[in-house]
Asks: 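Handing you this structure, nothing more for now.
This is a predicted model, so every value here is computed, not measured.
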Amino acid sequence: MQRYFIETAIENARISGEDARHIERVMRMKHGDNIVVVAQNTAYICTIEGFEGDEVVIEATGQTIPSPELPIQVTVACGLPKGDKLELITQKATELGMFALLPFEAERSIVKWDKKKGAKKQERLQKIAKEAAEQAHRTHIPTVFEPISFKQLVQQIDHFDAVFIADEEDAKAEKRTRFAEKLKNVYDKKSKSMLIIFGPEGGISRQESEALLQAGAQTMSLGPRILRAETAPLYALSAISYEFE
């Protein structure tokens, strides 16, 4: 069944806008067809009751679908990467269970966020997250935040139960801090939120790493190989899924 998100409660809910056009004109659904509607982080099986103007009238059947969400809310903070890598991270990390995406202006970020075009780009990223959440049958659409400064990122650390930095210098070390072991400690403490931080191409600088560690973050090793900026977040989310699910 097709899945659609709404921002209101399920009672007397209607689907409008682009989703309504998709139901009627693309999927060519009719009265009596069933769809999944996600309202307030719960997935309901609903029946299409009719079409009124640009809206689809639906009625909940009383059946719900179990949530597929990770038991811990994982926010991904990534230094602004080149090209369309941020779109790839948004899409694939959403499929893997990311709770939110927090881009930041890292010391080694080559790309600078264009303030004039920023709102439109952020809107596109949010749309990618929505479509990926529908495809992955999720009950939460990750929020894609506007990029922040590194200083603002450091200030965010206190808002999370656990914070990890993917540091390539740790990966190069003969004795690495295994991410799996650190995740076990997080699991034992029953943490509810986690922030995982990744640099852009070139990684996190030494000054940035030191500042994050002093603020309470921990390093994590994603194995002995050096991963691309767009690969590392996906590796980490996969490891978190393996450990927690």
Side-chain angles (χ1 to χ4, degrees), residues 68-109 111 113 121-122 124-133 135-136 138-150 152-168 170-171 179 182-183 186 191-204 208-209 212 215-223 226-245:
E69 298 299 323
L70 282 170
I72 186 169
Q73 295 179 350
V74 182
T75 296
V76 174
C78 59
L80 287 172
K82 295 186 294 184
D84 59 358
K85 292 178 181 178
L86 200 56
E87 295 184 4
L88 176 65
I89 292 171
T90 299
Q91 183 188 60
K92 299 307 178 185
T94 296
E95 292 178 25
L96 290 168
M98 174 182 72
F99 184 77
L101 178 63
L102 184 60
F104 69 94
E105 298 168 347
E107 182 179 326
R108 294 174 179 170
S109 287
V111 173
W113 188 260
K121 187 170 184 179
Q122 185 181 3
R124 171 167 170 73
L125 291 171
Q126 194 62 65
K127 182 179 179 181
I128 290 172
K130 175 180 178 292
E131 292 173 348
Q135 185 275 328
R138 292 190 57 180
T139 56
H140 169 76
I141 301 174
T143 300
V144 180
F145 291 99
E146 182 181 358
I148 60 176
S149 67
F150 177 76
Q152 290 172 316
L153 174 65
V154 174
Q155 294 170 348
Q156 292 291 318
I157 287 180
D158 287 341
H159 299 160
F160 296 88
D161 296 326
V163 180
F164 294 101
I165 316 165
D167 191 343
E168 66 178 50
D170 189 274
F179 191 32
K182 292 196 173 184
L183 285 178
V186 171
S191 299
K192 299 298 182 184
S193 63
M194 182 188 299
L195 176 66
I196 50 178
I197 303 171
F198 306 87
E201 297 82 0
I204 295 283
E208 289 171 330
S209 177
L212 291 168
Q218 307 176 59
T219 57
M220 62 176 174
S221 173
L222 303 181
I226 304 302
L227 304 178
R228 289 179 179 270
E230 68 272 27
T231 307
L234 310 183
Y235 183 111
L237 283 165
S238 299
I240 292 168
S241 174
Y242 180 85
E243 184 62 38
F244 285 85
E245 297 184 306

Asks: Is any side-chain heavy atom of I240 less than 4.5 Å from a side-chain heavy atom of F179?
Replies: yes
Asks: Side chains of E245 and S241: any donor to acceptor distance under 3.5 Å?
Replies: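 Indeed, the side chains of S241 and E245 share at least one donor-acceptor pair under 3.5 Å.
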Asks: Would you check if L96 and S238 make a side-chain contact, meaning some heavy-atom pair closer than 4.5 Å?
Replies: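 Side-chain contact under 4.5 Å: yes.
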Asks: Taking the side chain as C-beta and beyond, is there a heavy-atom pair between K121 and W113 under 4.5 Å?
Replies: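 Yes, side chains in contact.
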Asks: Calculate, to the nearest 0.5 Å, the distance between atoms CZ and NZ belonging to F164 and K182 respectively.
Replies: 6.5 Å
Asks: Quick one: does any side-chain atom of E208 pair with a main-chain N or O of E107 as donor and acceptor, under 3.5 Å?
Replies: yes
Asks: Hey, does the side chain of D161 reach the backbone of S193 with a donor-acceptor pair shorter than 3.5 angstrom?
Replies: yes
Asks: Which pair of non-hydrogen atoms, one from A106 and one from P200, has the smallest distance, and what is that distance?
Replies: CB-CD, 3.6 Å
Asks: Does a salt bridge link E201 with R228, judged by any charged N lying under 4.0 Å from a carboxylate O?
Replies: no
Asks: Please list, chain by chain and in numerical order, all residues satisfying ring-ring contact (aromatic ring centres under 6.0 Å, His included) with F104, sequence neighbours excluded.
Replies: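 Applying ring-ring contact (aromatic ring centres under 6.0 Å, His included) to F104 gives none.
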Asks: A236 and I196: which non-hydrogen atoms are nearest, and at how many Å?
Replies: CB-CD1, 4.0 Å
Asks: Can you list everything that forms a side chain to side chain contact (heavy atoms under 4.5 Å, CB included) with A132? Sequence neighbours excluded, please.
Replies: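 Partners of A132 by the side chain to side chain contact (heavy atoms under 4.5 Å, CB included) criterion, ordered by chain and then number, come out as Q91, T94, E95.
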Asks: Any donor-acceptor pair under 3.5 Å linking the side chain of Q73 with the backbone of K192?
Replies: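 No.
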Asks: Is there a side-chain contact between Q218 and V163, using heavy atoms and a 4.5 Å cut-off?
Replies: no
Asks: Might you work through the side-chain contact (heavy atoms from CB on, under 4.5 Å) test for I197 and L153, ending with a clear yes or no?
Replies: CA-CA 9 Å; I197 303 171; L153 174 65; 4.1 Å; yes
Asks: Taking all atoms of both residues into account, what is the closest heavy-atom pair of A166 and L222, and its distance?
Replies: CB-CD1, 4.2 Å
Asks: Please check if any side-chain donor atom of D167 sits under 3.5 Å from a side-chain acceptor atom of S209, or the reverse.
Replies: yes
Asks: Give the minimum heavy-atom separation between Q122 and V144, together with the two atoms involved.
Replies: NE2-O, 3.0 Å
Asks: Under the 3.5 angstrom rule, does the side chain of E230 hit a backbone N or O of L86 as a donor-acceptor pair?
Replies: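 Between the backbone of L86 and the side chain of E230 there is no qualifying donor-acceptor contact (under 3.5 Å).
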Asks: Go through the steps for H140 and F99 under the test side-chain contact (heavy atoms from CB on, under 4.5 Å), then give the verdict.
Replies: CA-CA 8 Å; H140 169 76; F99 184 77; 3.4 Å; yes
